[in-house]
Amino acid sequence: MSRFFSEKYKELEPYVPGEQPRERKFIKLNTNESPFPPSPLAQRMAREEAGILQLYSDPSCRSLVLAAANCLGVEENQVIFTNGSDDILNFAFMAFSDAGHPVVFPDITYGFYPVFAKLNNIPYETIPLREDFTINVEDYIGIGKNIFIANPNAPTGIALPLCDIERIVASNPDNVVVIDEAYVDFGGESAIGLIDKYKNLLVTQTFSKSRSLAGARLGMGFACSELIQDLETVRYSTNPYNINRMTMAAGVGALTDKEYFIECTSKIRATRERISKKLKEMGFFMTESRSNFIFAAHPAISGLDTYLKLKDMGILVRHFETPRLKNYNRITVGSDAEMDALCDALAEILKAPNPAERTDL
Ligand code: PMP
C-alpha cells in the first residue's frame, strides 16, 4: 500500500475472482462461464464493429435498449446497460444506499455485495440462511432496509419462487429491493414482470452466463423509469461509455438470437440434471440448483481435498473455505464431455484408499 492510498479505502478487502490459470490447460468449471461460444449472430455483429473502434460508443446504448424492448417486452425507459452486472450492482449501492439507508442481504450470497457496501461506505447487515441454505422469506418482510437478493442464490443455486420475491418487494415499499438474476435463465422465475407494479424493485441480469458473453462484459437492469433515471445519473457520472462498440453489437446479437439462447440454456439444464443424478449415485449430496452450477459435498471427503485433487487432475472447481461452505464445491455445468471427465475424476478420487475422513457430519 502506498502512503497516498486514501484513508477511506485502507480497510477495503477486494473481491476475489475465481482463478484464471495460465500455466496449464484446465477443464474450467470454476467461474460459471458458458461452455458454448457466443451466438454466431453476436459474433458477426461484434466483428462488424471492430473496423470502427476509432469512434466512441453510443452512451445511450440505443441499439441495446431497442433490442431489449423488442425481445424482453419492457419499455425503453425501463432498462439500463452496464459493464457486466457487477457494474449495475455497484451503481445500485451508490444510487440508493448511504449511512441513513443501510442494506441487508443473506450471509451466504454473492461475495461482491459486502465489497460494494464497504467501497461505498454503506452500513450492511447479513441475515443467515437456514441450515439447508434456503432463505427464510419472513426475515425480509417489512424489514425497512434496502435489500439485495440473488435469485437463484449463489453459490447455492437455490431459487425463491416469484410469489416470495413479490411479498418481500411489496412489504418494503420505502426501500429498494434489488433482485440479482444472474442465473435466472437456467430455471428461476424472473421478477421483470413486476417492475410496472412496484416502484421500488430493481432486477439485474447478466450476459455472462446464459448468453455466453462473460468476456464482453455486459449487464442489464430493469426497473420503473424513475429508478432507471437515478442509475443513469450515476452511470453518466462515472463512465457514459461503459459499453464498448463490440460489446454493444454482441449484446444486440445475443438478445435477437433467441433460438440459440434457448438451445444453450436447455442443454445446460439437461446436463445439470444428468450430472446431478450421477453425482448422487456416487454419494454426493447437493442443493436443488436452478442455476448453471452444482453445489455439492461428499460425506467421505472434505471440500478442500476434493478441490485440490481435482485441480491436480486438471479440473478447476470453486471452493470457499468458510465455515458453512467448506464441505462443498461449486461446480459450473460445462459441456457433456467436460462433466463426464469430472465424474470420472471424482470416481477415481473416491476410490483412493484413504480419502480424508470428515469428522463434521
Ligand atoms: N451476480 C451474481 C450472483 C454472480 O454470481 C455474478 C458473477 N460472478 C454476477 C452478479 C456478476 O456477473 P457479471 O459482472 O459478469 O455480469
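Each ligand, and each atom within it, is numbered from 1 in the order the structure gives. We're numbering straight along the sequence, starting at 1.
Ring geometry for F93 versus F116: interplanar angle of 30 to 60°, hence tilted.
Panel note: side chain Y140, backbone V169; no donor-acceptor pair is recorded below 3.5 Å.
Here the protein heavy atom with the shortest distance to atom 14 (O) of ligand 1 is R217 NH2, 2.7 Å. The shortest contact between atom 12 (O) of ligand 1 and any protein heavy atom is with S85 OG, 3.4 Å. Looking only at heavy atoms of the protein, atom 8 (N) of ligand 1 is closest to Y110 OH, 3.2 Å.
Of the N and O atoms on the side chains of T271 and D336, at least one donor lies less than 3.5 Å from an acceptor on the other residue. Side-chain contact, Q205 with D180: no donor N or O sits under 3.5 Å from an acceptor N or O. Side chains of D107 and T126: no donor on one and acceptor on the other come within 3.5 Å.
Heavy atoms of A182 found under 4.0 angstrom from ligand 1 belong exclusively to the side chain.
With ligand atoms numbered from 1 in the order given, ligand 1 contributes 14 (O), 16 (O) to contacts under 4.0 Å with heavy atoms of G84. Near T206, with a cut-off below 4.0 Å to any heavy atom, the atoms of ligand 1 are 13 (P), 15 (O), 16 (O). Atoms of ligand 1 found under 4.0 Å from any heavy atom of S208 (numbered from 1 in listed order, with element): 13 (P), 15 (O), 16 (O). Counting the atoms of ligand 1 from 1 in the order shown, those under 4.0 Å from a heavy atom of K209 are 7 (C), 8 (N).
Aromatic pair Y110/Y113: centroids less than 6.0 angstrom apart.
Counting only residues at least two apart or on different chains, the side chain to side chain donor-acceptor pair (under 3.5 Å) pairs with a member in residues 45-56 are E49-R245.
Contact annotation: Y183 has at least one heavy atom less than 4.0 Å from an atom of ligand 1.
When the options D180, T109, T31, D86 are ranked by their closest heavy atom to atom 2 (C) of ligand 1, first place goes to D180.
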